[in-house]
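Report on one structure; see the data block that follows.
All figures in this text were calculated on a predicted structure; none of them were measured in a lab. In this chain, numbering begins with 1 at the start of the sequence shown.
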Amino acid sequence: MPTPLSRLPVRALVTALLAAAFGAQAVAALHPHVPVLLAATVTSLALEGVLLRWQRGMLSVFAKSHADITARHVLRDLLLVVALLRLGEQDRETVYGPLVAGLLAFYALHCAIQAVSVLVRRTRTLPVVTRNIDASGLRLSPAPPLLLRRPGPRLLVFGLPATAGLLTTAALDDPRCAAVGIALSLGLALLGLHDLLVRLLPSRRPAGEREALEWLDAWLAEYRPTVGLYFSGGASSAYQANMWLEPLAKLDGRPLIVLRERFMVQKIAPTDVPILCLPKVSTLMHLEQSTLRMLIHPSNSGKTSQVLRIPTLKHTFVNHGESDKLSSCNPYAKAYDEVWVAGPAARERYAYAEVGVEDKDVVEIGRPQLDAVQPYAGPPAGTYTTVLYAPTWEGWDGNPGNTSVIEAGENLVRALLADPGVRLLYKPHPLTGSVDPRAGAADLRIRELIRAANRERTGERPQDTGELTLRTQELDRLTTTVVRASADQVERMMLQSAPEAGRAEAVAQATAAWEEAYWASLPEWEHQVVTAARPTLYACFNRADLLISDVSSVISDFLASGKPYAVANTSGLAEDVFRKAFPTVRAATVLTPDAAGVPELLGAVRHPEKDQLAAAREELKQHLLGPAEPTSQARFNEAVQALCSAAQEHRARMEERLAAELPAEIPDQRRSLTREQPAHPA
């Protein structure tokens with residue numbers, strides 16, 4: 001991917017050519033010269049296409065300089081009109097006056113289309129965005145063509161006949177060419193305006209805000225949600241919510257996902273759980289009158305405080321992973337009713353951090369996501385030892401110990417690749433390089449090392465039977481909805497309606513079949529760089545014999561397998577201090593930045609009798625993740641039911657107090673503060 005610096009020469013060239021084209025067109029118009037006029041106009045039009053297709057970032061730069069596409073197009077046509085008026089010796093104003101009037105009418109229609117387009121967009125911006133919900137009651141409909149919603153491309157396309165007609169008239173001195181071109185542009189503009197105006201008819205536009213909010217209340221009353229997952233964040237943070245989707249779907253009761261950013265609706269991974277996006281605080285408050293009892297929070301955000309204001313709900317913080325980092329015991333956690341952690345280690349971590357979280361509010365639930373992680377089955381049985389290197393990212397605080405990618409990544413990878421019996425799986429954190437460019441550069445170098453190592457290896461490749469393609473197509477069919485590139489949120493809501501019964505089970509089966517076909521399609525000797533959404537990190541856990549990572553939730557999760565793991569120490573601390581500072585390292589092999597201990601580590605993985613940390617891993621697993629029985633999912637479900645019951649009891653007490661305080665003659669006020677709760681268990 002080209003860097004901003006590498007794009008500068010291209011942008012400078014395009015800008016220079018566009019300026020030269022307009023300059024040449026101006027000279028050819030003021031001092032009539034038809035060949036130069038033709039060449040300059042065609043060149044400027046071609047450059048407009050280049051900007052729209054390959055250099056869209058420059059469009060905003062031109063717009064900030066008050067040289068947007070509308071100004072450029074008007075200038076281009078104006079210069080053509082000037083050229084026509086100056087060509088020849090006879091009086092030409094009478095002939096070309098009507099054509100100029102038609103051209104002005106076209107630009108007036110362009111402005112009208114833009115104004116109506118804004119109105120249409122506003123009518124299609126609903127106060128609630130849904131997925132996996134039948135929202136047909138909101139009168140959803142397909143979006144207008146993308147051309148009608150983007151003023152720049154629309155003006156270029158609709159105005160092209162008029163520009164071409166003016167240019168042809170300049171070449172042939174035949175006003176009829178300009179008349180035909182302008183007429184075509186006017187016709188296109190009128191058709192576009194008609195299409196948009198029809199969409200503003202009461203029967204054609206989606207529900208208004210008040211009607212949409214009434215629909216929301218009705219849907220909540222019908223679905224009767226009990227437990228929700230609340231999430232707000234940036235586009236790259238969706239993984240924090242996605243890791244809780246499967247445990248949420250398996251809960252008893254009626255789960256719901258509550259989002260705050262409209263774009264996040266499409267970032268949430270495939271799930272059958274209903275999704276509600278409530279961007280405004282006023283809309284969010286409608287949850288207060290619903291049957292929803294509690295919300296699960298996998299992350300903190302600025303908008304978390306807004307939902308904490310709802311007194312009828314209980315809130316729990318589950319985090320999106322557990323590690324020894326300070327972020328795993330953020331002081332914000334004390335704002336929640338409870339904090340759910342995996343095991344005793346996290347409970348101790350909160351007590352040690354003294355951030356205001358009381359021990360009575362900490363509940364150990366394990367890690368439900370890890371129920372699918374396969375346990376240790378002995379040393380590598382095949383020719384190769386599969387090593388998963390999954391470093392974390394650099395973090396926000398600039399701590400050099402956050403990630404091993406910068407200081408140790410290349411050394412570790414070189415040491416692993418030097419062993420002919422190693423097959424490396426490299427899965428970097430998706431945020432690698434987002435804060436520190438050095439991490440991004442090191443990541444690219446590591447990938448090149450892996451590609452170079454693969455070029456030096458030879459071996460038999462599995463025959464392509466087409467199985468992976470078939471499995472991919474089936475999984476994509478179940479998990480994706482075919483949506484036009486021009487679709488807006490309303491159209492997506494229409495297409496991503498309530499899922500078919502049994503889809504979740506079908507997706508689980510298709511995912512398992514895809515993973516089997518994926519690994520079978522790869523040579524057992526070939527190193528892999530895994531960056532796509534599939535296969536997941538946990539699927540890589542199940543293929544690996546050894547994990548090398550950093551102090552992060554990755555090693556806590558990997559402990560569920562009981563397999564050996566190593567942690568790169570780039571903190572600058574001595575090993576004994578490093579182990580004491582980070583309890584998750586207690587059962588790990590600690591690697592120095594020079595990767596000197598890699599050969600010995602691989603020997604212990606291949607020969608279990610040399611593995612002196614097996615007992616420590618089992619003890620640490622219990623300490624970090626809790627007992628194996630009951631399962632984490634069962635403990636998670638039990639914690640949800642308990643907090644839902646607490647929320648129900650709290651509501652009942654509040655209702656009793658309200659009934660005692662308010663006069664009996666105004667019962668409607670009491671009913672408005674709480675709705676009847678569901679009779680079924682949470």
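Within the 4.5 Å cutoff, side-chain heavy atoms of Q240 are placed close to those of F231. Taking the side chain as every heavy atom from C-beta outward, M493 and I133 never approach each other to under 4.5 Å. Between T43 and L47, some side-chain heavy-atom pair lies under the 4.5 Å cut-off. The side-chain heavy atoms of L213 and R210, taken from C-beta on, include no pair separated by under 4.5 Å. In this structure, the side chains of L278 and L216 come closer than 4.5 Å at one or more pairs of heavy atoms. Within the 4.5 Å cutoff, side-chain heavy atoms of L229 are placed close to those of P298. Counting heavy atoms from C-beta outward, L126 and P206 have side chains that approach closer than 4.5 Å. The closest side-chain heavy-atom distance from W393 to T403 is not below 4.5 Å.
We find that E209 and K280 are joined by a salt bridge, their nearest charged nitrogen and carboxylate oxygen being less than 4.0 Å apart. Checked for salt-bridge contact, R438 and E394 miss the test: no charged N lies under 4.0 Å from a carboxylate O. For R534 and D476, the salt-bridge test passes: some basic side-chain N is under 4.0 Å from an acidic carboxylate O. A salt bridge is absent between D68 and R72; no separation between the charged side-chain nitrogens and carboxylate oxygens falls under 4.0 Å. Comment: R477 engages E474 in a salt bridge, judged by a side-chain N to carboxylate O separation of less than 4.0 angstrom. Taking the charged nitrogens against the carboxylate oxygens, E515 and R471 have no contact shorter than 4.0 Å, which rules out a salt bridge.
Smallest separation of non-hydrogen atoms from A143 and S486: CB-O, 3.8 Å. Between A510 and L475, the shortest heavy-atom distance links the atoms CB-CD1, 3.8 Å. V36 and A28 make their closest contact through CG1-CB, 3.8 Å (heavy atoms, listed as atom of the first residue, atom of the second, distance). The minimum heavy-atom distance linking P499 with D272 is given by the pair CB-OD1, 3.7 Å. The two residues C540 and V530 have their closest heavy-atom pair at SG-CG1, 4.3 Å. Of all the heavy atoms in C277 and P279, the pair that sits closest is O-CD, 3.4 Å.
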Are V281 and V307 close enough, and set up right, to give a side chain to side chain contact (heavy atoms under 4.5 Å, CB included), and what steps lead you there?
CA-CA 8 Å; V281 178; V307 75; over 6 Å; no

Evaluate the side chain to side chain contact (heavy atoms under 4.5 Å, CB included) criterion for residues L160 and L184: first the C-alpha distance (whole Å), next the side-chain angles of each, then the deciding distance (0.1 Å), finally the verdict.
CA-CA 9 Å; L160 187 60; L184 286 174; over 6 Å; no

For I257 and L245: C-alpha separation, side-chain torsions, deciding distance, then whether side chain to side chain contact (heavy atoms under 4.5 Å, CB included) applies.
CA-CA 9 Å; I257 298 172; L245 296 182; 3.5 Å; yes

Quick one, R492 with D488, criterion salt bridge (Lys or Arg N to Asp or Glu O under 4.0 Å). Give me CA distance, side-chain angles, the key distance, then yes/no.
CA-CA 6 Å; R492 289 179 180 273; D488 61 1; over 6 Å; no

Salt bridge (Lys or Arg N to Asp or Glu O under 4.0 Å) between E261 and K267, worked out
CA-CA 10 Å; E261 291 81 21; K267 296 292 183 180; over 6 Å; no

Determine, stepwise, if the pair L166 / L103 fulfils side chain to side chain contact (heavy atoms under 4.5 Å, CB included).
CA-CA 10 Å; L166 292 171; L103 192 62; 4.1 Å; yes

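Relative ring orientation between H297 and Y230 is described as tilted, the plane-to-plane angle lying within the 30° to 60° band.
E246 CD: 12 or fewer foreign heavy atoms inside a 6.0 Å radius.
With Q496 as reference, Q266 is the one residue of E491, Q266, R131 to meet the side chain to side chain donor-acceptor pair (under 3.5 Å) rule.
Note that CZ of F106 is 10.0 Å distant from CD1 of I182, once rounded to the nearest 0.5 Å. With rounding to the nearest 0.5 Å, the separation of NZ in K303 from CG in L308 is 14.5 Å. Going from atom OG1 of T531 over to atom OH of Y426 covers 10.0 Å, rounded to the nearest 0.5 Å. Note that CG of L99 is 8.5 Å distant from CG of L84, once rounded to the nearest 0.5 Å. In this structure, the separation between CG on L537 and CE on M243 is 8.5 Å, given to the nearest 0.5 Å. Atoms CG and CG, from L220 and L292 in turn, are 8.0 Å apart once rounded to the nearest 0.5 Å.
Using a distance-only test at 3.5 Å, with no hydrogens or angles considered, a donor-acceptor pair links the side chain of R149 to the main chain of P144. When atom types are taken as modelled, the side chain of S434 and the backbone of L431 share a donor-acceptor pair closer than 3.5 angstrom. Formation of a donor-acceptor pair under 3.5 Å by the R503 side chain with backbone atoms of T271 is found in this model. Not a single donor-acceptor pair under 3.5 Å links the side chain of R76 to the backbone N or O of T163. Here the side chain of S117 pairs a donor or acceptor atom with the backbone of L148 at under 3.5 angstrom. A distance-only check finds no donor-acceptor pair linking the side chain of N319 to the backbone of S299 [under 3.5 Å]. Proximity of a side-chain donor or acceptor of T123 to a complementary backbone N or O of V120 within less than 3.5 Å is detected. Side-chain N or O atoms of T169 include one that pairs as donor or acceptor with a backbone N or O of A178 at under 3.5 Å. In this structure a side-chain-to-backbone donor-acceptor pair under 3.5 Å is present from N242 to A269. Listed for the S65 side chain is a donor-acceptor partner under 3.5 Å among the backbone atoms of V61.
No donor-acceptor contact under 3.5 angstrom links the side chains of S44 and T41, judged on distance only. A donor-acceptor contact closer than 3.5 angstrom links the side chains of W514 and T472. Between the side chains of Q489 and R124, no donor N or O sits under 3.5 Å from an acceptor N or O.
Aromatic ring centroids of H73 and F158 lie 6.0 Å or more apart.
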Let me check something: any side-chain donor-acceptor pairs from residues 187-204 under 3.5 Å, sequence neighbours excluded? List them with distances.
| residue | atom | partner | partner atom | Å |
| --- | --- | --- | --- | --- |
| D195 | OD1 | R199 | NE | 2.9 |
| R199 | NH1 | P142 | O | 3.1 |

